[in-house]
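Following: one structure in structure tokens, then a few remarks.
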Protein chains: 2
Amino acid sequence: MTRRVTSGTPEPRPALTRDRVVRAAVDLIERDGTRALSMRAVAAELGVAVMSLYNHVPNKAALLEGVAEHVVAGMDLTGDPAEHWTDRARALARAFRKTAHDYPRCMTIVLTHKVDGTVGLRMAESAFAIAHDAGFDAPTAVRITRALMAYTLGAQLRDAGMAEVLDRHPDGLFAARELDPTRFPNVLAAGDELARSDPEGDFEFGLDLLLGAVDALPRQVT
Amino acid sequence: MTRRVTSGTPEPRPALTRDRVVRAAVDLIERDGTRALSMRAVAAELGVAVMSLYNHVPNKAALLEGVAEHVVAGMDLTGDPAEHWTDRARALARAFRKTAHDYPRCMTIVLTHKVDGTVGLRMAESAFAIAHDAGFDAPTAVRITRALMAYTLGAQLRDAGMAEVLDRHPDGLFAARELDPTRFPNVLAAGDELARSDPEGDFEFGLDLLLGAVDALPRQVT
DNA sequence: GGGCGGTTACGTACGATGTACGTCCGGCGT
DNA sequence: ACGCCGGACGTACATCGTACGTAACCGCCC
């Protein structure tokens with residue numbers, strides 16, 4: 001069926017590679033959703049037999065892990081050390097948000113599978129460097145980094161869930177449901193204010209609060 | 001094989017119910033992990049044929065949804081309105097953390113499947129009531145609520161990932177890996193400080209920062 | 001009491017999925 | 001020249017979710 005590569009005849013098949021497998025998985029996830037990711041689908045995407053994938057990826061879990069790593073590896077974490085540290089932290093968070101915007105479906109993989117490992121290490125390194133340059137001692141810098149990451153991760157998780165729900169019920173969130181006014185007086189009072197969707201604004205609001213509070217913390221005695 | 005309930009013979013089978021199905025799923029998840037949850041396993045847990053479950057649950061996704069709802073429904077969200085609003089918010093966040101501690105594996109289901117819907121509504125209602133009582137106008141209260149929920153969710157997500165990684169590599173996080181000192185100078189400098197695991201302390205640290213910052217915000221003109 | 005319709009438990013069966021295993025082939029070292 | 005080894009492939013199987021048809025049981029009306 002499929003011919004092999006021979007020296008004389010240039011083949012359009014560019015040799016299977018772990019990177020190509022991962023990349024195909026990323027494309028497939030972004031196009032058809034995570035639910036549609038199967039080894040067979042990835043193989044079809046590459047025009048390859050299913051079992052050939054296992055020469056480059058031990059199993060599906062590892063493939064997911066590879067997807068997560070690939071996505072975070074694409075983040076631009078470089079910042080200007082001359083800027084105020086809060087601006088550097090903001091830039092870091094926004095870099096995360098940018099790739100979350102570029103790879104929305106893969107990002108949920110990242111959130112659920114790989115808060116740890118080499119993935120988190122890249123972000124942790126950058127964040128920790130910033131906190132350290134800001135003058136905090138190591139224990140405080142660790143806590144600061146963790147708080148900022150928690151907030152950033154959580155905001156992303158919320159936005160992802162919100163987006164998923166929005167395209168499942170294109171009309172407002174509360175149009176379909178009947179809310180018991182005695183159990184939910186405040187959300188009903190808030191009304192369409194809760195339905196308003198401004199993920200970036202919401203994110204920046206909380207980020208400003210958090211960064212402001214951190215910046216007001218006492219520094220290490222030097 | 002299995003006899004039916006007849007009026008004369010009292011059977012130990014207490015009638016299949018959606019609630020019993022969901023409860024069995026919760027137990028199974030907490031005992032054997034989310035990976036082990038299958039319709040067949042749930043049926044076996046209840047001593048029931050597989051297809052009988054579908055009389056009470058339309059499909060597996062709905063069962064997961066039921067699990068999430070069950071877990072959040074068990075949260076004690078009652079607070080003392082007389083307390084300072086920041087303490088009420090703290091109590092709310094701690095209530096979430098408590099059920100996260102009681103149902104660690106189910107909580108990841110909640111995080112990934114149900115940030116929205118009735119689940120979130122209960123927390124949103126309580127949180128929004130607190131923010132409203134604190135004197136903020138509706139738009140600000142919404143943003144405050146979202147920021148606090150983002151932080152809480154993110155912290156929980158991080159802790160879950162951390163816990164999972166810790167029991168996969170019982171020895172330290174960095175013992176196994178070789179870290180490139182040129183790429184990760186700061187995390188290496190931090191050393192075992194990063195390996196320290198104090199989820200509650202970390203969580204309270206960030207929560208205090210966030211709540212303090214929010215409390216310093218200007219209130220609605222009344 | 002005796003059908004009887006609706007509800008619920010059940011068994012069978014099918015398509016899809018992850019992957020273990022054996023085979024085969026092309027290029028490279030000797 | 002020849003063996004060998006890594007990678008591509010096909011087959012096969014266990015397991016999954018669930019569509020469908022069947023049968024047992026309930027309460028009800030005559």
Side-chain angles (χ1 to χ4, degrees), chain A residues 1-26 28-29 31-68 105 109 112-113, chain B residues 1-26 28-29 31-68 105 109 112-113:
Chain A
M1 175 72 74
T2 59
R3 284 214 320 280
R4 309 284 301 193
V5 176
T6 57
S7 60
T9 67
E11 280 277 343
R13 183 98 62 101
L16 206 48
T17 293
R18 175 186 160 96
D19 192 64
R20 286 192 64 222
V21 173
V22 169
R23 223 176 281 264
V26 170
L28 206 151
I29 289 176
R31 173 153 38 85
D32 302 336
T34 306
R35 289 266 331 268
L37 181 78
S38 70
M39 299 306 255
R40 284 170 169 84
V42 174
E45 179 98 355
L46 291 167
V48 157
V50 188
M51 292 315 291
S52 304
L53 304 176
Y54 285 85
N55 288 321
H56 307 273
V57 168
N59 50 45
K60 188 178 181 180
L63 176 57
L64 269 303
E65 201 156 324
V67 167
R105 307 194 134 120
I109 308 278
T112 58
H113 286 251
Chain B
M1 174 70 76
T2 60
R3 284 215 320 282
R4 308 286 300 195
V5 176
T6 56
S7 58
T9 66
E11 279 277 345
R13 182 101 60 100
L16 206 49
T17 292
R18 176 186 159 96
D19 192 64
R20 286 192 63 220
V21 174
V22 169
R23 223 177 281 265
V26 170
L28 207 152
I29 290 175
R31 173 151 38 86
D32 301 337
T34 306
R35 289 266 334 269
L37 181 78
S38 69
M39 300 306 259
R40 286 169 168 84
V42 174
E45 179 98 355
L46 291 167
V48 158
V50 188
M51 292 314 290
S52 304
L53 304 176
Y54 284 87
N55 288 320
H56 307 272
V57 169
N59 50 46
K60 187 179 181 179
L63 176 57
L64 268 303
E65 202 156 323
V67 167
R105 308 194 134 120
I109 309 277
T112 58
H113 285 251

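The shown structure was predicted, so the numbers you read here are calculated from the model rather than taken from an experiment.
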Note to self: What is the separation between atom CG on B:Leu63 and atom C1' on D:dC16, rounded to the nearest whole Å?
What the structure shows: 14 Å

Checklist line | Between D:dC16 (C1') and B:Tyr54 (OH): distance, integer Å | finding: 9 Å

Item checked: Interatomic distance where CE belongs to A:Met39 and P belongs to C:dA20 [whole Å] -> 10 Å

Notebook entry, point to check: In whole Å, what is the span from the CG atom of B:Leu46 to the P atom of C:dC10?
Noted result: 10 Å

Next item on the list: Find the distance A:Leu37:CG to C:dA16:P and express it as a whole number of Å.
Entry: 17 Å

Check: To the side chain of B:Met51, which of C:dA9, C:dC10, C:dG18 is closest?
Finding: C:dC10

Next item on the list: Round to the nearest Å and state the distance from A:Arg35 atom CZ to D:dC16 atom P.
Entry: 17 Å

Checklist line | Main-chain N/O of B:Val50 paired to B:Arg40 side chain as donor or acceptor, under 3.5 Å | finding: no

Item checked: Protein-nucleotide distance (A:His56, atom NE2; D:dA8, atom P), rounded to Å -> 4 Å

Next item on the list: Look at the side chain of B:Ser52 and decide which nucleotide, out of D:dG10, C:dA9, D:dA8, has an atom nearest to it.
Entry: C:dA9

Checklist line | Proximal nucleotide (of D:dG17, C:dT19, D:dG10) relative to the A:Ala49 side chain | finding: D:dG10

Notebook entry, point to check: Is a side-chain N or O of A:Ser38 found less than 3.5 angstrom from the main chain of A:Ala41, in a donor-acceptor match?
Noted result: yes

Next item on the list: Rounded off to whole Å, could you give me the CZ-to-C1' distance for the A:Arg40 and D:dC9 pair?
Entry: 14 Å

Notebook entry, point to check: Which atoms form the tightest heavy-atom contact between B:Ala25 and B:Leu63, and what is the distance?
Noted result: CB-CD1, 4.0 Å

Notebook entry, point to check: Tell me, do A:Leu53 and A:Val42 make a side-chain contact under 4.5 Å, heavy atoms counted?
Noted result: yes

Next item on the list: Considering just the side-chain nitrogens and oxygens of A:Asn55, establish if one lies under 4.0 Å of OP1 or OP2 belonging to D:dA8.
Entry: yes

